[in-house]
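One structure is given here, and the rest of the page talks about it.
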2 protein chains.
Amino acid sequence: MTTTRLYRPTHRDAFELLESAFEDERLLTMFGLCEVQYEGRASSTLAPGQRLVIYKPDGTALVHTGENHEPVNWQPPGSTHNASVRDGQLRIRSTRSNPTEQLDVMFERVETISAYAVTDRSDLKLTGSEEDLRQWILDQPEVIEEGFDPIATERQTTAGPIDIFGTDNAGHPVVIELKRRRVGPSAASQLQRYVEAITAELSDTSTRGILVAPSITDRTASLLNKWDFEYCSVDIE
Amino acid sequence: MTTTRLYRPTHRDAFELLESAFEDERLLTMFGLCEVQYEGRASSTLAPGQRLVIYKPDGTALVHTGENHEPVNWQPPGSTHNASVRDGQLRIRSTRSNPTEQLDVMFERVETISAYAVTDRSDLKLTGSEEDLRQWILDQPEVIEEGFDPIATERQTTAGPIDIFGTDNAGHPVVIELKRRRVGPSAASQLQRYVEAITAELSDTSTRGILVAPSITDRTASLLNKWDFEYCSVDIE
DNA sequence: TTTTGAATGTCGTTG
DNA sequence: CAACGACGTTCAAAA
């Protein structure tokens with residue numbers, strides 16, 4: 001019995017299915033009229049409405065409305081779910097610790113509830129990440145500039161790891177901060193922290209900082225200019 | 001007819017329901033054996049497996065496995081969905097522009113498909129955000145320090161808006177950067193950009209920078225120290 | 001439409 | 001476990 005579905009079940013019947021599905025680590029979906037309360041890093045209440053609620057075998061809880069990518073409420077993986085029937089309501093409480101958080105979904109009416117056995121160990125193959133951009137540059141460092149010589153990736157400094165560290169034609173140290181998309185001021189600041197750290201470490205004030213991204217905002221360009229950093233437009237097409 | 005559900009439908013029957021549900025702007029959930037391809041800002045492929053797929057009236061598409069908060073694949077709101085049957089597969093293609101992106105979900109077998117009419121206009125009441133923390137400080141500015149006088153929130157500078165701008169006992173300008181949780185180096189850099197901008201604008205080198213957060217990392221403390229900024233521990237309990 | 005920064009961010013990697 | 005930064009980040013507000 002891989003799939004179990006109930007249509008407009010009594011709270012008692014829904015409760016039974018919830019209990020067994022939590023036990024068997026099945027994926028649960030519910031749709032119905034519910035209100036939601038959350039207490040943890042923040043607090044929230046959501047008045048009664050029709051929503052899709054999902055409970056995953058790993059402890060994740062998701063409350064989705066008819067809009068947006070993000071769930072309106074949720075509980076992260078590692079939470080434990082517990083169902084109960086009281087005051088004519090079906091309550092599912094998801095709790096976790098560190099930080100202590102609690103999500104309560106109170107169903108007034110359950111339209112449907114379904115439990116599925118999930119067997120899926122295939123993982124996503126994704127290309128186009130910053131990691132791919134880095135490899136692409138390492139394969140052809142001349143896209144940065146003629147004579148650029150990559151020495152290390154993830155080069156550690158007191159400020160954190162430098163995406164690509166190398167030297168230029170003149171042998172001066174070069175710090176490269178990579179971004180896969182158009183960037184704002186924070187990327188320039190990040191580069192600034194790394195350049196400052198490596199300048200101090202090497203006692204070499206000739207250290208150059210280069211921000212590599214498909215494009216940058218005006219304010220970011222101003223920051224780079226102020227700090228005498230450079231921008232190199234690179235887009236992995 | 002608010003809810004429609006099919007169990008192990010033929011691709012043709014699933015297709016019919018998809019078409020009508022997209023038309024009526026109903027919320028769709030599907031569970032079954034599918035593979036997924038995405039092309040857009042990045043590219044990805046996901047080998048066949050059992051997944052929960054959701055299509056929302058606003059154009060959102062979500063592909064969930066049995067693990068994690070985040071969908072393994074998705075399409076943002078504003079996308080348009082289109083179903084077709086070909087080569088013994090049921091394909092649902094979600095497309096959008098700016099940026100151009102495409103998500104294909106190919107079902108080999110559909111275990112269940114359900115369509116729901118969602119009517120939910122109640123919105124989330126959330127407390128504990130940075131906005132709340134700011135109001136809490138404005139109500140009792142002495143938690144920053146005796147004599148602190150808030151002048152403006154979201155005070156504009158060439159570097160962006162300052163969370164709280166004010167003056168201290170001595171009449172010196174004070175720039176406050178607020179964070180609702182433990183912060184890392186980026187928050188210190190953010191404060192640095194604002195202080196630099198306001199110092200230049202006012203030609204007042206006595207400008208103070210204060211990072212307000214429940215706690216900070218060691219590296220962040222070092223950065224604050226280097227720039228002669230201060231840290232004020234504030235936790236809205 | 002673009003920019004900017006918050007987020008109950010989540011997630012992976014590393015020390 | 002904390003820390004740090006990427007993310008197809010998403011999202012909302014403001015310019």
Side-chain angles (χ1 to χ4, degrees), chain A residues 36 38-44 60-63 67-79 96 98-103 124 126-134 154 156-157 159-163 177-187 189-190 193-194 215-220, chain B residues 38-44 60-63 67-78 96 98-103 124 126-134 154 156-157 159-163 177-187 189-190 193-194 215-220:
Chain A
V36 185
Y38 155 74
E39 189 88 33
R41 288 165 291 178
S43 306
S44 74
T60 303
L62 303 169
V63 181
E67 290 178 336
N68 288 351
H69 167 109
E70 289 298 317
V72 63
N73 276 118
W74 72 92
Q75 196 74 322
S79 307
R96 72 152 174 165
N98 197 350
T100 297
E101 294 193 293
Q102 178 176 295
L103 178 75
L124 187 75
L126 186 134
T127 60
S129 63
E130 185 181 300
E131 169 69 28
D132 292 319
L133 175 59
R134 178 168 65 198
E154 300 291 316
Q156 293 302 319
T157 72
I162 296 171
D163 281 339
E177 176 58 33
L178 278 180
K179 296 294 172 192
R180 62 179 305 282
R181 58 168 201 168
R182 185 172 174 85
V183 293
S186 63
S189 285
Q190 199 180 343
R193 295 198 301 273
Y194 297 157
S215 64
I216 61 177
T217 65
D218 290 350
R219 198 173 271 172
T220 308
Chain B
Y38 155 75
E39 189 89 32
R41 286 166 290 179
S43 307
S44 73
T60 302
L62 304 169
V63 181
E67 291 179 336
N68 286 353
H69 168 109
E70 290 298 317
V72 63
N73 275 117
W74 71 93
Q75 196 73 322
R96 72 151 174 167
N98 197 352
T100 297
E101 294 193 293
Q102 177 175 295
L103 177 74
L124 187 74
L126 186 134
T127 60
S129 64
E130 185 182 298
E131 169 67 28
D132 292 319
L133 175 59
R134 177 168 65 198
E154 301 291 313
Q156 293 302 317
T157 72
I162 295 172
D163 282 340
E177 176 58 32
L178 278 181
K179 296 294 172 191
R180 63 179 302 283
R181 58 167 200 170
R182 185 171 175 85
V183 293
S186 63
S189 286
Q190 198 180 342
R193 295 198 301 273
Y194 296 157
S215 63
I216 61 177
T217 65
D218 291 351
R219 198 174 272 171
T220 307

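Residue numbering restarts at 1 for every chain, and letters A, B, ... go by the order of the sequence lines. These values consider heavy atoms only, across backbone and side chains, with no hydrogens, waters or symmetry-generated copies.
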Establish, from distance only, whether the side-chain atoms of A:Ser79 and A:Arg96 form a donor-acceptor pair under 3.5 Å.
no
Expected string for nucleotides 8-15 of chain C under the B/S/- scheme (protein heavy atoms, under 4.0 Å, primed atoms plus P, OP1, OP2 as sugar-phosphate) is BSSS----
DNA chain D base-pair string [pairs: Watson-Crick or G-U under 3.5 Å; |: paired with another strand]
|||||||.|||||||
Would you measure the distance from the C1' atom in C:dG5 across to the matching atom in D:dC7 and give it in whole Å?
16 Å
Rounded off to whole Å, could you give me the CD-to-P distance for the B:Gln190 and C:dA7 pair?
11 Å
Rounded interatomic separation in angstrom, taking CG from B:Asp218 and C1' from D:dA3:
10 Å
Applying side-chain contact (heavy atoms from CB on, under 4.5 Å) to A:Leu103 and A:Asn73, what does each step give before you reach the verdict?
CA-CA 8 Å; A:Leu103 178 75; A:Asn73 276 118; 3.9 Å; yes
Separation of atom CZ in A:Arg134 from atom C1' in D:dG5, rounded to whole Å:
12 Å
Hey, does A:Glu39 reach any base, or is it just sugar-phosphate, or nothing, if we go heavy atoms under 4.0 Å?
nothing
Within the side chain of B:Arg193, is there an N or O that forms a donor-acceptor pair under 3.5 Å with the backbone of B:Gly160?
no
Nucleotide D:dT9, atom P - distance to CD of A:Glu131 in whole Å:
16 Å
Between B:Glu70 and B:Asn68, is there a donor-acceptor pair closer than 3.5 Å when you use the side chain of the first and the backbone of the second?
no
Please state the C1' separation for the pair D:dG5 and C:dA7 - nearest whole angstrom.
16 Å
Pick base, sugar-phosphate or nothing for A:Ala159, based on heavy-atom distances below 4.0 Å to the nucleic acid.
sugar-phosphate
P spacing across the pair D:dC4 / D:dG8, given as an integer number of angstrom:
23 Å
Is the backbone N or O of B:Tyr38 less than 3.5 Å from a side-chain atom of B:Gln102, with the two atoms forming a donor-acceptor pair by type?
no
Is the phosphate of D:dC4 approached by A:Tyr194 (side-chain N or O, under 4.0 Å from OP1 or OP2)?
no
Given atom CD of A:Glu154 and atom P of D:dG5, what is their separation to the nearest angstrom?
10 Å
So if I take every side-chain heavy atom of B:Glu177 and compare against C:dG5, D:dA3, C:dA6, which nucleotide ends up nearest?
C:dA6
Respond yes when some side-chain nitrogen or oxygen of A:Thr217 is under 4.0 Å from OP1 or OP2 of C:dT4, and no when none is.
yes
Check: A:Gln75 side chain, A:Glu101 main-chain N or O, donor-acceptor pair, under 3.5 Å
yes
So, taking the atom named NZ in A:Lys179 and the one named CD in A:Gln190, what distance separates them when rounded to the nearest 0.5 Å?
4.0 Å
Whether B:Arg182 contacts D:dA2 is assessed here as follows: a side-chain N or O lying under 4.0 Å from the phosphate OP1 or OP2. Is that the case?
no
Rounded to whole angstrom units, what separation is found between the CG atom of B:Leu62 and the C1' atom of D:dG8?
13 Å
Quick one: which of C:dT2, D:dG5, D:dA6 gets closest to the side chain of B:Asn98?
C:dT2
Before giving the answer on side-chain contact (heavy atoms from CB on, under 4.5 Å), spell out for B:Glu131 and B:Arg180 the whole-Å C-alpha distance, their side-chain angles and the decisive distance to 0.1 Å.
CA-CA 9 Å; B:Glu131 169 67 28; B:Arg180 63 179 302 283; over 6 Å; no
Minimal non-hydrogen separation, A:Glu177 against A:Ala187, with atom names:
CG-O, 4.3 Å
Where the side chain of A:Glu130 is defined as all heavy atoms beyond and including C-beta, which of D:dC4, D:dA6, C:dT4 is the nearest nucleotide?
D:dA6
What is the separation between atom CG on A:Asp163 and atom P on D:dA6, rounded to the nearest whole Å?
6 Å
Whole-Å distance separating the NZ atom of A:Lys179 from the C1' atom of D:dA6:
7 Å
Sequence neighbours left out, what passes side-chain hydrogen bond (donor to acceptor under 3.5 Å, both in side chains) with B:Thr217? Give chain and number order.
B:Thr220
